[in-house]
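So the structure is just underneath, and the comments pick up after that.
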Amino acid sequence: MTAVVATDMVHLTPARAAWQRFRRHRLAMAGAVIIALLVFGSVFGPFLLPFDDKFIDIMHRFAPPLSGAHLLGTDELGRDVLARLMMGGRVSLTIGIIAMVIAMAVGIVIGTFAGFYGGIFGAALMRFVDAVLCFPAIFLLLALAALIEPGIVATTILISVTAWMSVARIVEAQVRALRERDFTAAAIAFGSSNLRIMFKELVPNAMAAIVVAATLNVAKAILLESYVSYLGYGIQPPAASWGNMLNNAQIYMTSAPWLAIAPGVAITLAVTSFNFLGDGLRDALDPRLDIH
Amino acid sequence: MSDETDSVKAVRPAATGPSRRVLMVLGAGAAAGLAAPGTLFAQGARPSTPPDRPRGQIVAALSQEPTAFNPLMPGIEVDQAVWWQLFSTLWYIDAEGNFVPDLAREVPTVANGGLSADGLTWKIKLRSGVTWHDGTAFTAEDVKYSLELINNPNFRVRNRVGHSLVKDITVVSPDEIHWRMETPYSPYLSILSLTFLVPKHVMEKAADPNTSPMNNAPVGTGPFRWGSRTPGDNILLTANTAYHGKGPYVERLIFKYISDLTVLYTQFRTGQVDYTGIQGILPNFVREAKTLRDRTVVVSSTSSVEHIAPNLDFGPLADKTVREALYMAINKKAIIDALNYGLPTPTETFVPQQGWSYQPGLPAHVFDPAKANALLDAAGWARGSDGVRAKGGVRLEFTNSTTSGNAVREQTQQLLMQDWRGIGAAMRIQNMPPAVMWGEFWQQSKFNSALVSVNFMLGADPDVTPRFGSGAIPAKGGRGFNTYQYQNPEADSLLALGARQFDLAERKASYGKLQTIIRNDLAILPLFQGVIAEGMKANLRGFRPNANTSTNCWNIREWYWA
Amino acid sequence: MARYVVNRLGQAVLLLFIVSMLGFAILHLAPGGPLSQFALSSQMTQEDLDRITRQLGLDRPLPVQYADWLWRMLRGDWGVSYRDGEPVLKIIGAHLGATFELMATATLIAVVLGCWIGILGAIRRYSIFDQLATVGAMVALSIPTFWFGLIAIYVFSVNLGWLPSGNRHTVGEEGSLLDMLHHLIAPALVLALVETAMWGRFMRSSMLDVINQDYIRTARAKGLPEWRILSQHALRNALLPMITVAGLQFPTLLGGALVTETVFTWPGMGRLFLDSIGYRDYPVVMGILMFSATMVLIGSLIADMLYAVVDPRIRVG
């Protein structure tokens, strides 16, 4: 079996090979499908529903799911929970993904440079990382709140600002170790440019760790969004996000549990799916794993 | 919903019953506070009496942490809950609205000679035999020291309203003190009912009164002594067996800090706390709480008025017609019945309805969006293509702010947003954490409009000069708290008049007129008078809500276990 | 090595200085102030607020206030809280014990359980155990803590009555050890859930990386017994990246877990920090900031040193 696959792959481009490996990862495929569904639902769902996510119907608040026209019931202001869940999905998924991308980009660049060059330059970069790490997340939150008005952009920046440092540290440690390996020495001997070595040789080789960190980061970003709402800097009402929906549902947990279950399940599904997706990508992008 | 409606009725005083009684002259020695009916809170059918000596302990949960223990220094509501246990005042106002002497032997009146007819000379006779917690006797020197400390420029006193008028304090004997007021100022009696006295012999030892031992090991004359404090968690007080008044009936009193109201309610449910104080039980839990076994829930009115605070200097809100239209488009019934579970009572004024100065018969609010639309049309506020009205280049557009995280207020805002949109007014929600909201943003009137709950009373007195006086606008260099930026010469003269009057009937007339003016001007858009739902174990006796004391912890000294 | 340590310590002092300056500026320039909490009180007017601002010295230019703070700090005076007048160090000390008790317990559970799950998952990749552990970890990482904590309280305290619904001791009783442990179970487990999942994920990933390396394959080719390969070669190298993770986690040991502390009414550092920021209690916020910054720097230094000690390929410096 192993031999057959290996021979097959000789004829495949690396991208095709990665896709082959990814497809075999059932959980990752499931994750990808769920994410696709969530994105699709958030983008197109609101057009298919007869309800406006912001329309308040005070006479019909706390309608349980499936009790009437409202599939997931209504919330504390009589708004359709499904419509809010879809609109909230737009906000939360956007924030989660963009914040992760920003955090990863900044973290990888700083980590790679620091790890590759080392010395005073590397040390200075890593001390900068340390300096930012010295500020607890709530404190950075306070600083940003002073500068930008609460909203989607603010929340996204806020989350990426608190997340990139751990990526930088992990990448730096990996690159520092990989730098000492034979293939790096070989690349240097062949006269490759530093940038090429860093981003063509070192970063791909550190990809396994990076992808694991990235998946954990989307998870963190989507969860942090609810935490930011909880602290009063989040998405302002009446706009919905999964975080503020879950947060608002807190006090109705016994009397109207569906209000907390809907966004809670959405967050858990999305985050879990991203993690599985990352797992699959990790295997797919790391050719050495084909041995098994 | 019926049980909640019933309880509101129960708490609401029997119309004007008690207030009519208070309509006597202050000089005749009667009441000046808010009255709540007393008989309703006799809990349980089995009669019981307090024990002979202190027995057991009470765990009282608070949703904010008390941190300020010198009662003359800056503190908030929750700190006062602790002050009531450790300290005493010269007199206090009870639940029926009567002044009751405490450290004073009697409340000064013109009739008993304590007050001169012009209101300038005050002669106070003190109770003898009172001792501080360390055993030292309480004397007139302590009163003198307290009043002088308040006026000491180096002392970080909470406030000097009224106190700054006190001159020529003379200690006549250990149990008698006299002073002169610079100008007659009737609210001072009420202010003193919330001024806790501090011990001279303890404070004197500190070189700097701001860092005296009172800050972390307070000594008072109150029913409980200072025990210990675990910062961020609890404060332990023990019974003062030498207390000069009734009680205390429990050995230990523990104030437990629980920051989250849902968690606080859960701990009450599981019996880990005996009483839920200050913010009490969230309205959505009240119905369930009433069904809990061995628990009692009491819903009572507070002196706070929930209202929309317009910034009267801000564009469209400066126009009275706009405010009228906005007020008319508020679905008050939905806000009270649905969002607040029918607990509060609608109001049209800033004075609590139980107060002697409450003005009944003010124009009642009607929910009438059609009329609101017509009003705006007639005033020239024309709808634009996006449905938002404008007049003379000013769009009918504004933000509304409140502290973020307050679920019910955020719901109210969203409902207002939708209803106002219907009359062509675009409101946007801009909420902030408390430290930002109540900072410069509020103090310097940088908001458009806000949704707030304010206790307008000075002690229990309706003197609202700092709130509505034209000289009290901080944004215009004023010294008060008129962040609405309300200015009305007629209101100013009524405020000046009321503060000089000592006859309660005359004062009632002045403040009645004032309330009519403020209602007509819609200086605030009043929603309802606040309520608090507090829960306690069913066999805990003695709880009596008292809106005059700003905390229902005022009489824990009289609480006991049946 | 000694020179390296001295060097790093020097850098740390410089960093602390920069952090203090930035932190001080951010804190004081952020909207709101320590007197906001009194602004709604019917007892205090703008005049009173202005007077107290003056008395606290908050009306002075910012650089002057900073210089004053720094000068006191250098002499070991961390200042006193605006809220309760207690010395900052005493306040931090009072909250540290609670935080350490909770975090150390949770971390211990998480590290032991997480590493075990991670290693086993990597060795028996795609086994039922691995798949269950993976799914479990993913779900654990995806549940918002306050939501999970509240559910735990409803189930175990409200309905079953097995565990207290929060607090560190029974209120009003000087806690016995048993009482303390009884109160510790729920918050520690809730906190450990997420941490276990995190450690498990990192451990599994690191272990997988290692067992696919050439030298492990060489060892296998040489016919060394599997357990020897794993325990002597793979594990040692797989634990390396864990040191970085541990270094990053170290400050949270003393920094507290805000959400868990709130849900379980645990009087720890997280709540203190949030409350202090909420009330803009500048001296306490600065104190905690300096304290946690020191912890972060120490954590980072220890991680780097350990990394150098266990991995001879890494040159320090």
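Heavy-atom basis, side chains included; hydrogens, waters and symmetry copies ignored. So that the names make sense, note that chain A is the first sequence line, chain B the second, and so on, each numbered from 1.
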- Query: Who wins among Val157(B), Asn234(B), Asn210(B) for the most heavy-atom pairs under 4.5 Å with chain C?
  - Reply: Val157(B)
- Is any side-chain heavy atom of Glu65(B) less than 4.5 Å from a side-chain heavy atom of Tyr279(C)? no
- Query: Going from CG on Asp260(B) to CZ on Phe264(C), what distance comes out if it is rounded to the nearest 0.5 angstrom?
  - Reply: 12.0 Å
- Note on the structure: Here the gap from His183(C) atom NE2 to Gln272(B) atom CD, rounded to the nearest 0.5 Å, amounts to 5.5 Å
- Query: For Asp463(B), which residues count as a salt bridge (charged side-chain N to carboxylate O under 4.0 Å, His left out) partner, sequence neighbours excluded?
  - Reply: none
- Message: Taking 4.5 Å as the heavy-atom cut-off, does anything in residues 81-95 of chain C contact chain B, and if so which residues?
- Response: Arg83(C), Asp84(C), Glu86(C), Ala94(C), His95(C)
- Item | Part of Thr483(B) within contact of chain C (heavy atom distance under 4.5 Å) | neither
- Tell me, do Met73(B) and Ile52(C) make a side-chain contact under 4.5 Å, heavy atoms counted? no
- Any donor-acceptor N/O pair, Glu440(B) side chain to Gly33(C) backbone, under 3.5 Å: no
- Message: Working to the nearest 0.5 angstrom, can you tell me the gap between Leu163(C) CG and Thr270(B) OG1?
- Response: 11.0 Å
- State, to 0.1 Å, how close Phe155(B) and Arg51(C) come at their nearest heavy-atom pair, and which atoms those are. O-NH1, 3.8 Å
- Task: Indicate whether the side chain of Asn167(C) and that of Gln267(B) have a donor and an acceptor atom separated by less than 3.5 Å.
- Result: yes
- Residues of residues 70-77 of chain C under 4.5 Å from chain B (heavy atom pairs)? none
- Which distance, rounded to the nearest 0.5 Å, do you find between the CZ of Arg158(B) and the CG of Asp48(C)? 9.5 Å
- Query: Who pairs with Asp233(B) by salt bridge (charged side-chain N to carboxylate O under 4.0 Å, His left out), at least two apart in sequence or on another chain?
  - Reply: Lys256(B)
- Message: Walk me through whether Thr266(B) and Ser165(C) qualify under side chain to side chain donor-acceptor pair (under 3.5 Å).
- Response: CA-CA 7 Å; Thr266(B) 307; Ser165(C) 58; over 6 Å; no
- Tell me, out of Asp275(C), Leu272(C), Thr265(C), who's got the most heavy-atom pairs with chain B below 4.5 Å. Thr265(C)
- Note on the structure: Nearest heavy-atom approach of Pro267(C) to Pro231(B) is CB-O, 4.3 Å
